[in-house]
Amino acid sequence: MADSKKYIREDNPLPNDMEVRSSSDNPPGLSDELLNIAFNFLNQACFLTDSNLIILRSNKAGDLLLSNNSDSACGKSMQDLIIFRNAGSAEELLKLVKNLSGALSISGQSAVSARHLKIDISSIILHSEVYYLFQVIPISSQTTETIGIGLGISTMSDEKTLLASDFQEFTQTYAENGFLRTIIDSLPHPFYVTEAVTHKPLLKNLAAIKFESTLEFVHCFMNEKPENCIGNPGSCALSMVNSSTTPVRIEHEFVSKTGENRIHEVFAYPVFNSHGSMQYIIQYSIDITERKRTEIEISEYQSALNNLLNNLPGMAFRCLNEANWTMEYVSPGCKKLTGFSAKELINNKKIHFGDLMLEADRKSVWNEIQNAISRQRPYKVEYRIVTKNGITKWVLEQGRGVFDQIGNLIRLEGMVTDITEGKNAELQLKNELSINQSLAIIGLELLKDDVKPERVANMVQYYSRLFTGSDFSILITPSSVEQGSFLYCYEDKDDGNLSKRVKKHEQKDESPESLIDTLLKSQHPERINESGIKLKIPCVTRGEMTVDKLLSVPAFINNEYAGLIILAGAKNDYTKEMEGVVQRFINMFALYAFRLKAEESLQLAKQKAEESDRLKSLFLSNMSHEIRTPMNAIIGFAEMLQDRELKIDEKDRFLDVIIKSGDNLLRLINDIIDISRIEAGQLKIIYSDCYLNELFADFEISFNRELSRLRKDHLTLYVQPGNSDTDFAVYTDPVRLRQIITNLVGNAIKFTDEGFVEIGYRIKGDKIEFYVRDSGIGIPADHQRLIFERFGQVKEAASRNLSGTGLGLTISKNLVEMLGGRMWLDSFPGEGSTFWFTIPLRFGRHRLNAAQESDETPQPKLDLTGKCFLVVEDVDTNYFYISSLLGKLNGKVIRATNGIKAIEMTKNDPSIHMVLMDIELPVMDGYTATREIKKIRPELPVIAQTAFAMMGERERSQEAGCDDYISKPIRKEVLLEIISRFI
Ligand code: ADP
């Protein structure tokens, strides 16, 4: 009989001389050797120690776990192999263990591998000696393989609760089977030793007994179609070992009576006797339910991780810290980021990651990373990579160094993300900011009082070149002085020198086919991204040049061409964006041009105002002369007429002067009224048929009369109608046409002392061209524009003391334009002048009995016997004038002093033949009265006497129903002519 001391001294882990008495329930043949085999086959590390924790026996799993080189742990102290957490020193541990009754679970660490361990200690008392059984389970590992084992532990601790309580009883029961029996019983897994042939169980441990008692049925995974196994839970494994005679491992699902499903890994080992035939089968099963679940969880976790890595906006990486960035691992996102697959990048299979990096960025990135890892800091760097397709991308790399225990850098790991979009937006924003700053700088320049075109042009060109990467620029702007025929060019040389050259160039010299012409004509920006473009800019010193790539951008202000910038020689193609940027700069120049123009027109307006002021002062002084002269004459000679002893011829002379002076005064007033109405837009053109030849015949008589009145009979008057048809009628405003010609002829007579005055017209296409020619003093070229201005007179002419207001031509020109034509002149000083004007040719109604009507037989003296005239007039002198005039011709004259009275009188007195209606009347005005009278006696002629030609009396009198009008002061001939027409 062997005692325990014997084992202590025994070095051999499998002592053959161990004497084990068979227990009564042990089947015959279960030997100590068999138990030895079983002990060694256990995949759980087991150590048996004496009371001083010196290892007496260890199994193979134990040696592997805690010993170097799988040496046997026998003879070593447990304290040397394990660093116990709960116990600081050997004494403490001994104290802990000695107080142990049953089982104890503590944690520790392997002294060799630093693996974390769970240690279950059980005390065994045999032959009054105390022994300890250490079951050691590793709980920390870096490999997934051990996760299952780690999880198995939790199951074991569940089982252990039961074991702990039942341990004593079983220890007693199996005490005579010695240590091995105890160890096997203390195993948390069901453990069987069966007879190989009969499958009769020779040994079952406590776990097996407990397991079988809770088992409802087995679901065997070995069957193709899962079926429930009945009977021995290990029968499948046993029969497999029987047939294969090799160890087997299978998985079963066991369903307990409480309905709980658990998956077991069942191991079965054949044990052969010395004859080589299979004698026993050792079988044990380990609950791997948790491990399975964990495996599923891990695979789910891994697929989620893969999913995550795949969907990362970039790639995760692990690489060596070397300039090539040799990748040990890259996540699948690298394909999307770089165009290369993970396989192509890992270990530089196809390309080095470092080679993807833009050359320009490489050095700074390397330095930054080295700097960070030297201080063991994480790093963040931005750089550009060129993808497989040649696209440049901005990336952000965030990473850190991975170091070993002694601080040596092993590798780098981190993440590379695509930030192209954000980076581009950021760059664009920066660019936009600097463009705005540049525009602001130019803007400030534009606000300066002494802003110079060349400075603005240089700035515009400088920034345009800067933002487009161009090495040549030129700015062309139309001259503001010479309309269209000259160009100002601001040239910049490609050396960046902002020197300015201003040259004037005649555009017509250019060949019409040249590129510059096309660009100048174009209303839009032009981009030519080609090389070898021939450009001939005449105003540039270099003349013809060849440039690579060209961008031209014109600027317009109020649809008016304001300038053109041409840029050339950029490295990259000109883009639409660049076009927009340049447009903003050239617009600044256009703005400047606009300012210049505004200043110029302001200057012009100022000059004009000054000129107009000057002319006005001149006019006023003229006016006082023009008014005073006739007024003096009228008053002076009228006073002289009071002299009763005056001779008849003297009297006539005086009267003549008075009449002439009155005429001049009247003409002056008419001119002022006309010009005011024209300027106020109140003068209206009234169209009717105008018999031109009749008008010209009339002119012949009246102008000849005028010549003799002015004592200029020595001048010859030529009248040259352009048409012999006396019925020839034009549709125009005859009154205004007469006024224009009368004005021109009046001037011709006034400024001609010798020779002739000629008037005529001719039909030219759709126009009639009139002319008034004279052989007078002529007008110097530099005055020919001035005379059409208001109050404009040639000084020399004025100095000749010829009367005039300087309004006649202004009025005439305006009237011509209102009639739809234009006026101009040819004149040479000393030779004479020809004034030309046109009106549109619109035919009037042809008069059939023209001959009869146009018969200009002198009117017989009018006899108004039996005719009654109602003169509506509130001013006595006016009434007195008309009544004496009509009385002399035997007419009967009655008077009404206001409109109401006039209506009453016409109503009550049917003998009235005509009404001469004043307009400005008290009580009721002339127009209202006319309307009423016309209601009562529509056939009764009403002639308006208007004083304020300016108010558009002609038009208003027509509207009120007046048959004609006569303006005050009333001229005898005119009044009689009108009366003769109606009576
Ligand atoms: P006015 O004759 O009342 O001064 P106008 O407007 O009719 O005003 O003429 C303006 C000026 O033009 C005249 O003062 C004169 O200097 C010049 N002028 C006009 N017609 C002639 C002409 N036929 N010959 C020479 N000078 C003329």
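When a ligand or atom number is given, it counts from 1 through the structure's own listing order.
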What atoms in ligand 1 come closer than 4.0 Å to a heavy atom of G808? 5 (P), 6 (O), 7 (O), 8 (O)

Gap separating the CG atom of L864 from the CG atom of L886, nearest 0.5 angstrom: 6.5 Å

Just by distance, with hydrogens left out, do Q739 and D674 show a side-chain donor and acceptor under 3.5 Å apart? yes

Under 4.0 angstrom from ligand 1, any heavy atom of F835? yes

Should you measure from each heavy atom of I779, which atoms of ligand 1 turn up under 4.0 Å away? 18 (N), 21 (C), 25 (C), 26 (N), 27 (C)

Got more than 12 heavy atoms from elsewhere within 6.0 Å of CZ, F880? no

Under 4.0 Å to a heavy atom of I787 - the qualifying atoms of ligand 1, by number: 11 (C), 12 (O), 17 (C)

Might you work through the side chain to side chain contact (heavy atoms under 4.5 Å, CB included) test for L692 and N723, ending with a clear yes or no? CA-CA 9 Å; L692 260 192; N723 185 326; over 6 Å; no

What atoms in ligand 1 come closer than 4.0 Å to a heavy atom of L809? 5 (P), 6 (O), 7 (O), 9 (O), 12 (O), 19 (C)

With atoms numbered from 1 as shown, which atoms in ligand 1 lie under 4.0 angstrom from a non-hydrogen atom of L807? 6 (O), 8 (O)

Heavy-atom contacts with K750 under 4.0 Å: which atoms of ligand 1 show up? List them by number with element. 1 (P), 2 (O), 3 (O)

Between the side chains of R895 and D876, is the shortest nitrogen-to-carboxylate-oxygen separation below 4.0 Å, so that they form an ion pair? yes

Taking only Lys NZ, Arg NE, NH1 and NH2, and the carboxylate oxygens of Asp or Glu, determine whether K813 and E817 approach each other closer than 4.0 Å. yes

Taking 4.0 angstrom as the limit and counting only heavy atoms of N747, give me the atoms of ligand 1 inside it, by number and element. 2 (O), 5 (P), 7 (O), 9 (O), 19 (C), 20 (N)

